[in-house]
Amino acid sequence: MSATQQPWVDEAALASVVRFYWLTRRQRLALTAVAALVLFMSASVLLASTAPLYSYTGGYIEGEISFTWYRLSILGQPVSVPVLDSVVHLSFVLILGPLLASALTLPSAYYSLRGPRVPRAVLEAAVAGLVVAGLTAALFASFTRLVLVEVVHNIPRGATEPTAYGRLVFAESRAGYTPEGIYALRLALYSVPASLALVAAAALLHLYIQRYYEDILDEPPLRGHHS
C-alpha cells in the first residue's frame with residue numbers, strides 16, 4: 001500500500017460490531033447458566049425474605065419473625081425489638097436487589113438463546129446485574145445469620161416474676177423455624193459461594209467486553225482502499 005493510500009473503514013460493519021457483541025456457543029451457554037443462577041437466587045431470596053421464618057406459639061410470647069416484618073406479643077401486649085426494627089428498615093434491599101438483578105441479567109440470556117449476536121447494552125447491563133445479584137446473596141446470608149441464628153435465640157420464651165407470695169412462673173412458649181425458615185438457613189449456606197461465583201462471572205464478562213473493544217480498535221473492519 002502506497003503512502004497515499006489509506007484503509008477504507010466499512011462504517012456499516014463498524015457500527016454493527018459497536019452495537020453488538022458476537023458470542024461463541026460456549027460463551028452463550030455460560031451466560032445462560034449464570035442468568036439461570038441469578039433467577040434462582042433472586043426467586044429464593046424474595047420468597048425467604050417475605051415469608052415467616054420463625055414462630056412462637058402459646059405461653060409467654062407469641063408471634064412470627066420475617067426479614068421484612070415481624071409481629072411479637074408478650075402476654076398479649078405487642079413488643080418491639082430494636083434489632084428486628086433495623087432489619088425491617090433495611091430489608092427493602094432484599095426485595096429491590098433480586099428484582100433489579102433479574103431485570104438486568106435475564107435479557108442477556110434471552111438474546112444468547114436466540115443467536116450469537118447480543119446487543120451491547122444488554123451484555124453490559126448483565127455485568128451490573130451479576131454484581132447486584134452477588135451483593136444481594138451476600139447480604140441475605142448476613143441477614144439470615146443475624147436474625148435466625150443470633151436474634152431468635154436471645155429472645156426469652158418464658159419468664160419468672162417475684163411476688164409477695166413467691167415466684168410467678170410463665171409457661172415457656174413453643175418456638176421453632178417454619179419450613180421457609182429452614183429453607184432460608186439452607187439457602188444461606190450456598191449464598192456466600194454463589195455470591196463469589198456471581199461477582200467472578202461479572203469480572204470475567206467485563207474483561208471480555210474490554211478485550212472485545214481492544215480487538216476492534218486494533219483491527220477495524222476494512223472494505224477496501226482508496227487513494
Side-chain angles (χ1 to χ4, degrees), residues 23 25-55 63-71 83-115 118-119 121-152 176-206 208:
L23 305 181
R25 183 174 182 273
R26 181 176 297 179
Q27 289 171 334
R28 289 187 286 123
L29 289 175
L31 187 58
T32 302
V34 172
L37 176 60
V38 171
L39 181 60
F40 170 77
M41 290 298 300
S42 297
S44 298
V45 168
L46 282 174
L47 172 64
S49 298
T50 56
L53 305 176
Y54 200 85
S55 65
E64 295 175 323
I65 294 176
S66 174
F67 292 150
T68 55
W69 59 271
Y70 75 96
R71 174 186 57 83
V83 176
L84 293 179
D85 289 335
S86 298
V87 170
V88 170
H89 291 155
L90 295 174
S91 63
F92 74 93
V93 180
L94 297 179
I95 305 298
L96 180 61
L99 295 176
L100 182 60
S102 298
L104 292 173
T105 307
L106 292 183
S108 64
Y110 168 75
Y111 282 99
S112 295
L113 293 173
R114 290 185 58 185
V118 180
V122 167
L123 202 59
E124 293 177 353
V127 176
L130 293 174
V131 173
V132 172
L135 295 178
T136 302
L139 184 63
F140 175 81
S142 299
F143 272 44
T144 302
R145 177 175 178 79
L146 173 64
V147 175
L148 298 185
V149 177
E150 298 180 9
V151 173
V152 297
Y177 299 105
T178 65
E180 294 84 356
I182 295 174
Y183 180 76
L185 288 171
R186 292 175 178 173
L187 180 64
L189 295 177
Y190 299 99
S191 292
V192 173
S195 174
L196 296 176
L198 290 169
V199 173
L204 290 175
L205 185 56
H206 175 72
Y208 167 78

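As the structure is a computational prediction, the values presented were derived from the model and not from experiment.
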Fill in the blank from the handout: The complete set of side chain to side chain donor-acceptor pair (under 3.5 Å) pairs with one or both residues in residues 84-100, sequence neighbours excluded, reads Y70-D85, S80-D85
Problem - Qualifying residues under side-chain contact (heavy atoms from CB on, under 4.5 Å), relative to P119, sequence neighbours excluded - result: F20, Y111, V122
Completion exercise
Hits for side-chain contact (heavy atoms from CB on, under 4.5 Å) against T144, two or more places apart or cross-chain, chain-then-number order -> F67, F140, L148, L185, A188
Fill in the blank from the handout: side-chain hydrogen bond (donor to acceptor under 3.5 Å, both in side chains) filter on Y190, not counting sequence neighbours, yields none
Exercise for the section: Test side chain to side chain contact (heavy atoms under 4.5 Å, CB included) on L123 and L31 and set out the steps. Expected result: CA-CA 9 Å; L123 202 59; L31 187 58; 3.5 Å; yes
Handout entry: Heavy-atom closest pair, residues G134 and L198
Key = N-CD1, 3.8 Å
Handout entry: Stepwise side chain to side chain contact (heavy atoms under 4.5 Å, CB included) check, E180 with T50
Key = CA-CA 10 Å; E180 294 84 356; T50 56; over 6 Å; no
Handout entry: side-chain hydrogen bond (donor to acceptor under 3.5 Å, both in side chains) involving S195 - partner list, sequence neighbours excluded
Key = none
Exercise for the section: To the nearest 0.5 Å, tell me how far L96 CG sits from L46 CG. Expected result: 10.0 Å
Practice task
Any chance you could measure T68, atom OG1, to L94, atom CG, to the nearest 0.5 Å?
Solution key: 8.5 Å
Practice task
State which residues pass ring-ring contact (aromatic ring centres under 6.0 Å, His included) with Y177; sequence neighbours excluded, sorted by chain then number.
Solution key: Y54
Exercise for the section: Measure the CZ-OG1 distance between R28 and T32 for me, rounded to the nearest 0.5 Å. Expected result: 8.0 Å
Exercise for the section: Could I get the full list of side-chain contact (heavy atoms from CB on, under 4.5 Å) partners for A109, not counting sequence neighbours? Expected result: A35
Completion exercise
What one should report as the nearest heavy-atom pair of S44 and Y183 is OG-OH, 2.9 Å
Handout entry: Atom of T178, atom of P52 and distance for their closest heavy-atom approach
Key = OG1-O, 2.5 Å
Handout entry: Donor-acceptor contact below 3.5 Å, side chain S108 vs main chain T105
Key = yes
Problem - Which atom of G97 lies closest to which atom of T136, heavy atoms considered - result: CA-OG1, 3.5 Å
Exercise for the section: Tell me, please, which residues at least two apart from R145 pass salt bridge (Lys or Arg N to Asp or Glu O under 4.0 Å). Expected result: E150
Handout entry: Approximate separation, where rounding is to 0.5 Å, of L53 CG and I65 CD1
Key = 9.0 Å
Fill in the blank from the handout: The side-chain contact (heavy atoms from CB on, under 4.5 Å) partners of Q27 (sequence neighbours excluded) come to L23, T24, Y208
Exercise for the section: With rounding to the nearest 0.5 Å, note down the distance linking CG in L100 to CD1 in I95. Expected result: 13.0 Å
Problem - Which atom of A126 lies closest to which atom of L205, heavy atoms considered - result: CB-CD2, 3.9 Å
Problem - Contacts of S42 that satisfy side-chain hydrogen bond (donor to acceptor under 3.5 Å, both in side chains) - sequence neighbours left out - result: S102
